[in-house]
Amino acid sequence: MKAHTDEPLTDGTRARWRKEPMGRRGVRRGGVVAAALSIVMLLSSCMSQGEVTETRAAQLSVGDAVIAVRLSQGKFSAGLPDPPEDNWIVLLDAQGRGQATRIEAKRYGISALLWNERGLSFGAPDKEYVTTDQGTQEIDVKQPSIAEHQRFSLPDGRIAVVDLGRGIKVDTIHPHGRIETTEIPDTRGEIGQCGQHIVGITDTEDSESIRSAAFEAYAAQSGGDMPENVAAVIQIDEPNGDVPRLLAVAPAIDGLLTGRMSVPCDGNVITVLSIQQEDPAAVRNGTRHPFDGVLVLQRWDLTTGQRTIIPVLDEAGQPIETDQDNFLYYSQAIRVGDEYRFVTKKGNAYAVDVTSGNARHLFSIPSEKTRNPAVFQVSETGVYALEQNDDEDVLTLSYQPWDGGGKRVLLTTGTMSRYLVERNLLMEYRRSIESFALRPGWDGGAQ
């Protein structure tokens, strides 16, 4: 670990005023100068509202920040040069003011920000960063990675960074900066957290490494006929060599598409919003889209090793259909009491009873003027939405409680054109929000 002790930015370095020349000799001063100074001071006052200043990564510190934002590389357009291969990390206080620093971008997946009591965690291909009140620590990564899919905070202070490529790779970052890397080749699946472990849901078609162990475990469990394909819950942070530990097995179901594992397990029960394809054979021959189907819940009980599939039904008792434009399983979700509550990428919020599968549509979050969709975070009380207004190049954070009450704006930045628009020669690339994280314990007065 490289521990940086650079002093954090002072108020003086956050706001730098330029002195303009007084003009030619002989020009009347007095009232003209006073008026000019008044205008300068007025403009300076306006400019300082929501001002964001650039700093080096080593000098980035938490300070009064309440939200951290990661801005993407910029949209690629056919026939144009590639956009810049970097991201902005922006820390903002409750008035929308703050600091920004550039880091190298990861090319694939969603590079997340994770903010816990230890500090703000984020990564680049060859470095990991932890930002606190004292500044930012840079940790060298021995095996550089150009992809990141999820980032987890473990109870003992470690952080797990998951990369899904030809296999599964997990970098576990210890509080003092040591990084342990676990790799499981020839294995694919959705990854999530269960207590102090990182787990995944896969099957013997997607994961060659578990094939023999999974069939053996299922034979011992069932004592009956063997299925062609076995689904399994695996533990990936402590494998046996190149083989992940098996936690539960069941016959694989044709066309069952496991959703994003965004909800930590409840005790030893893992609940995942998933899609049951309407016509798996048509999907395989390319005549149907993989997301054409209906919503279901997968519930895996790691104590008994059993899996239950629960259809998700709307208020009229009808299945909730999904398609290419409405693939609801890419969502931000949380467990609240006996309900699985989630918000889709389009801002539609639902609550699903985890035992009956009965679903309620709670609300829809309207988007402001933007070419990029809002990015969401969920809490036990409601949904946080971060949106960018492309006409004015500002970011707005809002909140809407699960039980209604309307959308409340918590903060709005000043213009952020410098960070949202990247110009390269005659080209212009517009960045978007990659991810964001809220300071632990801060709700902006929303609750």
* Test log, rule side-chain hydrogen bond (donor to acceptor under 3.5 Å, both in side chains), inputs T101 and T55 -> CA-CA 5 Å; T101 193; T55 186; over 6 Å; no
* To do: Begin with the C-alpha distance, continue with both residues' side-chain angles, and end with the deciding distance and a verdict on side-chain hydrogen bond (donor to acceptor under 3.5 Å, both in side chains) for T131 and T136.
  => CA-CA 4 Å; T131 299; T136 298; 2.9 Å; yes
* To do: Evaluate the criterion side-chain contact (heavy atoms from CB on, under 4.5 Å) for residue pair V170 and I168; output intermediate values, then yes/no.
  => CA-CA 7 Å; V170 181; I168 299 174; 4.2 Å; yes
* Contacts of type side chain to side chain contact (heavy atoms under 4.5 Å, CB included), residue P264, not counting sequence neighbours -> none
* **Partner set under side chain to side chain contact (heavy atoms under 4.5 Å, CB included) for Q332, not counting sequence neighbours** => R260, V343, F376, Q377, V378
* **Sequence neighbours excluded - salt bridge (charged side-chain N to carboxylate O under 4.0 Å, His left out) pairs with any residue from residues 321-333** => none
Would you say the side-chain atoms of [X] and [Y] include a donor-acceptor pair closer than 3.5 Å?
X    : Y    : answer
T344 : S331 : no
D393 : T415 : no
Q298 : T258 : yes
S61  : D133 : no
D390 : Q388 : yes

* Could you tell me whether E180 and R158 have a side-chain N and a carboxylate O separated by less than 4.0 Å? => no
Please find the pair of heavy atoms, one from [X] and one from [Y], that lie closest to each other, and give the distance.
X    : Y    : value
S379 : W402 : O-NE1, 2.9 Å
P155 : G195 : CD-O, 3.8 Å
L256 : S274 : CD1-CB, 4.2 Å
E387 : A374 : CG-CB, 3.3 Å
I103 : G123 : CD1-O, 3.7 Å
I320 : A359 : CD1-CB, 3.8 Å

[Y] and [X], any side-chain heavy atoms less than 4.5 Å apart:
X    : Y    : answer
D126 : D140 : no
V199 : I236 : no
I159 : L154 : no
H174 : I179 : no
Y108 : D163 : no
V90  : V52  : yes
T271 : V263 : no
L273 : L295 : yes

* For E380, look at atom CD and say whether over 12 heavy atoms of other residues, nucleotides or ligands are found less than 6.0 Å away. => no
* Is atom CZ of R188 surrounded by more than 12 heavy atoms (other residues, nucleotides or ligands) closer than 6.0 Å? -> no
Listed partners of [X] passing side-chain hydrogen bond (donor to acceptor under 3.5 Å, both in side chains), at least two apart:
X    : result
Q196 : none
E148 : K106, R151
H149 : none
T172 : none

* Residues which pass ring-ring contact (aromatic ring centres under 6.0 Å, His included) with Y350, listed by chain and number, not counting sequence neighbours -> F342, H361
* Name the one of E104, R70, R102 that satisfies side-chain contact (heavy atoms from CB on, under 4.5 Å) with N87? -> R70
* Asked: Taking only residues two or more places apart in sequence or in another chain, which ones pass salt bridge (Lys or Arg N to Asp or Glu O under 4.0 Å) with D266?
  -> R335
* Residues in salt bridge (Lys or Arg N to Asp or Glu O under 4.0 Å) with D353, at least two apart? -> none
* Kindly indicate, with the supporting measurements, whether the criterion side-chain contact (heavy atoms from CB on, under 4.5 Å) is fulfilled by R360 and R341. => CA-CA 9 Å; R360 299 179 292 132; R341 297 187 182 182; 4.0 Å; yes
* To do: Dump the intermediate steps for side-chain hydrogen bond (donor to acceptor under 3.5 Å, both in side chains) on D237 and Q235, then the final yes or no.
  => CA-CA 6 Å; D237 55 335; Q235 179 183 329; 3.2 Å; yes
* **Summary of disulfide bond (SG atoms under 2.5 Å apart) pairs that have at least one residue in residues 94-192, sequence neighbours excluded** => none
* To do: For Y399 and T381, run side-chain hydrogen bond (donor to acceptor under 3.5 Å, both in side chains): C-alpha distance rounded to whole Å, both residues' side-chain angles, the deciding distance at 0.1 Å, then the answer.
  => CA-CA 10 Å; Y399 170 84; T381 60; 2.8 Å; yes
Anything under 3.5 Å between a donor and an acceptor, one on a side chain of residues 109-117, the other on a protein residue two or more places apart or in another chain? List them.
from: N116; atom 1: OD1; to: R118; atom 2: N; distance (Å): 3.0
from: N116; atom 1: OD1; to: G119; atom 2: N; distance (Å): 3.3
from: N116; atom 1: ND2; to: S153; atom 2: OG; distance (Å): 3.0

